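These notes concern the structure reproduced below.
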Amino acid sequence: MARPVVAIVGRPNVGKSTLFNALAGERISIVKDTPGVTRDRIYADVSWLNYDFTMIDTGGIEPDSKDIILSQMREQAQIAIDTADVIIFLVDVKQGLQDSDSKVADMLRRSHKPVILVVNKVDSFERDMADVYEFYNLGIGDPIPVSASSRLGFGDMLDKVVEYFPEPSENEEEDDTPRIAVIGKPNVGKSSLINKLCGEERVIVSDIAGTTRDAVDTRVRYNHKDYIFIDTAGLRRKSKIKEDLERYSIVRAVASVEKADVVIIMIDATEGVTEQDAKIAGIAHERGKGIIICVNKWDAIEKNDKTMKEHETKIRQILSFMPYASILFISVKSGQRLGKIYETIDAVIENNSMRIATGVLNEIVTEAVALQQPPTDKGKRLKIFYTTQVAVKPPTFVIFVNEKYLMHFSYVRYLENRIRDAFGFEGTSLKFIIRERKENE
């Protein structure tokens with residue numbers, strides 16, 4: 001089941017980034033006492049009780065502003081609202097009820113999403129509650145007082161948020177049809193690829209960047225197998241500034257990646273891997289999804305016998321955090337190598353779900369340790385007692401050692417490479433958990 005998405009929205013400078021950072025547990029958004037500092041949506045995974053969800057921070061909404069930056073922030077906030085399952089509407093008790101709060105409330109009502117009204121900067125519940133009651137005038141529900149900077153009132157707020165999360169049904173049959181998210185910058189050919197793979201025009205295709213507004217799930221049957229393709233949405237082009245438009249795809253990608261088993265990252269061969277591509281790829285990598293990199297518009301590149309190898313080397317260098325990813329050079333326009341996509345999807349799904357018997361796994365690890373001695377510190381050497389696989393999607397391994405601090409990142413990477421040499425795992429990340437145990441246990 002995909003993680004629910006919760007968006008924090010409100011006017012500029014009401015404390016959205018402070019609340020976001022407090023919930024995320026680390027300083028992710030820039031916090032500064034100047035309206036408009038958070039210009040892009042930023043996301044983080046948050047846990048509360050038994051619930052895991054994705055939190056989105058947004059730029060402030062100024063409903064009537066003609067300022068180009070504020071209008072772009074308003075567009076970004078709208079994308080976050082469209083994507084979210086639950087919305088936290090943040091207002092400021094110190095500034096009191098503003099006319100623009102009412103306009104934002106109207107915007108949120110039109111979304112037909114659950115909205116939690118949260119009144120921030122309530123540092124003293126006894127002193128400030130009379131001012132909190134003013135926000136009942138928004139007609140959007142009971143205001144919940146919090147202080148983001150002092151971390152007060154979070155329990156009541158989050159209890160209300162998770163009330164709106166769907167409960168997983170025990171009787172509900174799991175649809176095990178592979179789900180493939182197609183992600184990438186606007187206008188890279190995502191919708192065109194799905195149309196070609198479907199064999200019909202199911203997704204609107206346009207030369208205008210960001211025509212696809214909403215994520216679309218398309219079921220396809222190929223060689224007697226079913227697949228569900230998720231076309232990640234961009235945004236209808238309202239801004240002329242391409243760089244800002246490209247940033248809009250991040251949160252859409254988060255939501256789509258959550259639902260997917262395999263992620264196809266589409267890159268424009270004529271542009272190479274951009275910073276935006278790397279950000280989007282990083283989302284799929286962090287989530288442990290199967291990954292295929294499709295380099296589109298390959299027919300537009302002048303080639304010799306070394307061109308493909310040179311492009312692959314460049315991609316591997318920039319996306320060095322995911323050396324396991326499968327790479328295909330395709331042309332959606334001409335149909336070049338599109339037949340390889342289904343074959344690669346099947347292989348990646350198989351690798352992402354592969355289980356290795358504990359005995360066989362430990363033979364590989366023992367051999368790896370014999371070839372390269374584990375690290376030492378102050379005369380103490382790392383000992384690896386045994387390794388076992390505990391999960392799939394992604395394949396997850398627990399390594400039991402004498403001292404966790406001795407297990408250096410580089411040695412984990414070495415063991416990962418040996419396991420990959422033995423079992424492949426192409427197209428999928430591997431997760432390692434290091435646990436301590438005493439020698440006599």
Side-chain angles (χ1 to χ4, degrees), residues 177-203 205-207 212 216 218-232 253 256-257 260-274 276-278 280-281 284-285 289-319 322-352 424-429:
T177 306
R179 302 179 75 87
I180 300 96
V182 184
I183 66 177
K185 293 191 311 173
N187 211 29
V188 76
K190 301 186 294 294
S191 298
S192 298
L193 174 65
I194 291 175
N195 285 338
K196 277 286 175 76
L197 293 174
C198 294
E200 58 182 288
E201 294 289 317
R202 294 224 196 164
V203 181
V205 178
S206 166
D207 288 334
T212 310
V216 179
T218 305
R219 187 177 285 269
V220 180
R221 191 161 183 80
Y222 180 81
N223 272 0
H224 312 293
K225 283 186 186 175
D226 283 340
Y227 303 83
I228 295 172
F229 285 91
I230 305 162
D231 181 27
T232 53
S256 298
V257 166
D261 301 300
V262 175
V263 174
I264 293 176
I265 299 163
M266 288 196 71
I267 290 168
D268 188 325
T270 61
E271 293 184 18
V273 182
T274 64
Q276 177 78 349
D277 293 323
I280 291 173
H285 170 71
K289 304 297 181 177
I291 295 176
I292 301 167
I293 298 169
C294 282
V295 184
N296 190 25
K297 306 181 186 177
W298 190 239
D299 55 328
I301 297 292
E302 288 187 25
K303 294 178 274 291
N304 57 38
D305 59 341
K306 297 183 177 67
T307 308
M308 189 177 286
K309 187 66 184 168
E310 287 168 357
H311 272 72
E312 181 171 343
T313 300
K314 259 185 214 171
I315 292 167
R316 297 282 186 206
Q317 282 172 349
I318 298 170
L319 303 180
M322 43 189 280
Y324 54 84
S326 301
I327 299 179
L328 293 176
F329 293 88
I330 66 169
S331 167
V332 173
K333 190 176 178 182
S334 70
Q336 185 181 15
R337 295 193 190 87
L338 295 192
K340 287 278 292 177
I341 290 179
Y342 282 110
E343 182 185 320
T344 309
I345 288 169
D346 289 342
V348 169
I349 288 170
E350 189 176 333
N351 289 336
N352 201 229
F425 286 115
E426 185 180 358
T428 183
S429 62

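Atoms considered below: every heavy atom in the structure, side chains included; atoms not considered: hydrogens, waters and symmetry mates. No experiment lies behind these values; they were computed from the predicted model shown.
Scanning both residues, Ile267 and Gly272, for their nearest heavy atoms gives CG2-O, 3.7 Å. Between Gly427 and Val348, the shortest heavy-atom distance links the atoms O-CG1, 3.6 Å. Among all heavy-atom pairs drawn from Ala325 and Ile293, the shortest one is CB-CD1, 3.8 Å. For the pair Ile330 and Cys294, the tightest heavy-atom approach, listed with the atom from each and the gap, is CD1-CB, 3.8 Å. The two residues Leu319 and Ala278 make their nearest non-hydrogen contact at CD2-CA, 3.8 Å. The shortest heavy-atom contact between Ile349 and Pro178 is CD1-CB, 3.2 Å.
Every side-chain hydrogen bond (donor to acceptor under 3.5 Å, both in side chains) that Ser326 has, sequence neighbours left out, goes to Glu426. For His285, the ring-ring contact (aromatic ring centres under 6.0 Å, His included) partners are Phe321, Tyr324, not counting sequence neighbours. Qualifying ring-ring contact (aromatic ring centres under 6.0 Å, His included) partners for Phe425, counting only residues two or more places apart in sequence or in other chains: none. Partners of Asn352 under the side-chain hydrogen bond (donor to acceptor under 3.5 Å, both in side chains) rule, at least two apart in sequence or in another chain, are Thr428.
How far CZ of Arg179 is from NZ of Lys289: 10.5 Å, rounded to the nearest 0.5 Å. Separation of atoms CE (Met266) and CD1 (Ile183) is listed at 11.5 Å; rounding is to 0.5 Å.
Side-chain contact between Asp268 and Asn187: absent, with no pair of heavy atoms (C-beta onward) separated by less than 4.5 Å. Ile301 is not listed as a side-chain neighbour of Lys297, based on a closest heavy-atom distance of 4.5 Å or more. Residues Leu193 and Ile341 are in side-chain contact: their nearest non-hydrogen atoms beyond the backbone lie under 4.5 Å apart. Looking at heavy atoms from C-beta onward, Asp226 lies in side-chain contact with Arg221 at the 4.5 angstrom threshold.
Classification of the Tyr222-Tyr342 ring pair by plane angle, with boundaries at 30° and 60°, yields parallel. Using a 30° and 60° split on the angle between ring planes, Trp298 and Phe329 fall in the tilted class, from 30° to 60°.
Evaluation of the salt bridge (charged side-chain N to carboxylate O under 4.0 Å, His left out) test over residues 332-349, restricted to residues two or more places apart or in two chains, returns Lys225-Asp346, Lys340-Glu343. Applying the salt bridge (charged side-chain N to carboxylate O under 4.0 Å, His left out) test to residues at least two apart or on different chains, the pairs with a partner in residues 305-314 are Glu312-Arg316.
In this structure, Asn296 contributes its side chain and Val332 its backbone to a donor-acceptor pair below 3.5 Å. Lys190 contributes no side-chain N or O that, together with a main-chain N or O of Val182, makes up a donor-acceptor pair within less than 3.5 Å.
Between Thr274 and Asp277, the side chains place a donor N or O and an acceptor N or O closer than 3.5 Å (distance only, hydrogens not considered).
Remark: of the listed residues Val262, Leu197, Ile292, Ile194, Val262 is the sole one forming a side-chain contact (heavy atoms from CB on, under 4.5 Å) with Ile180.
No more than 12 heavy atoms of other residues, nucleotides or ligands shown are found within 6.0 angstrom of CD on Glu350.
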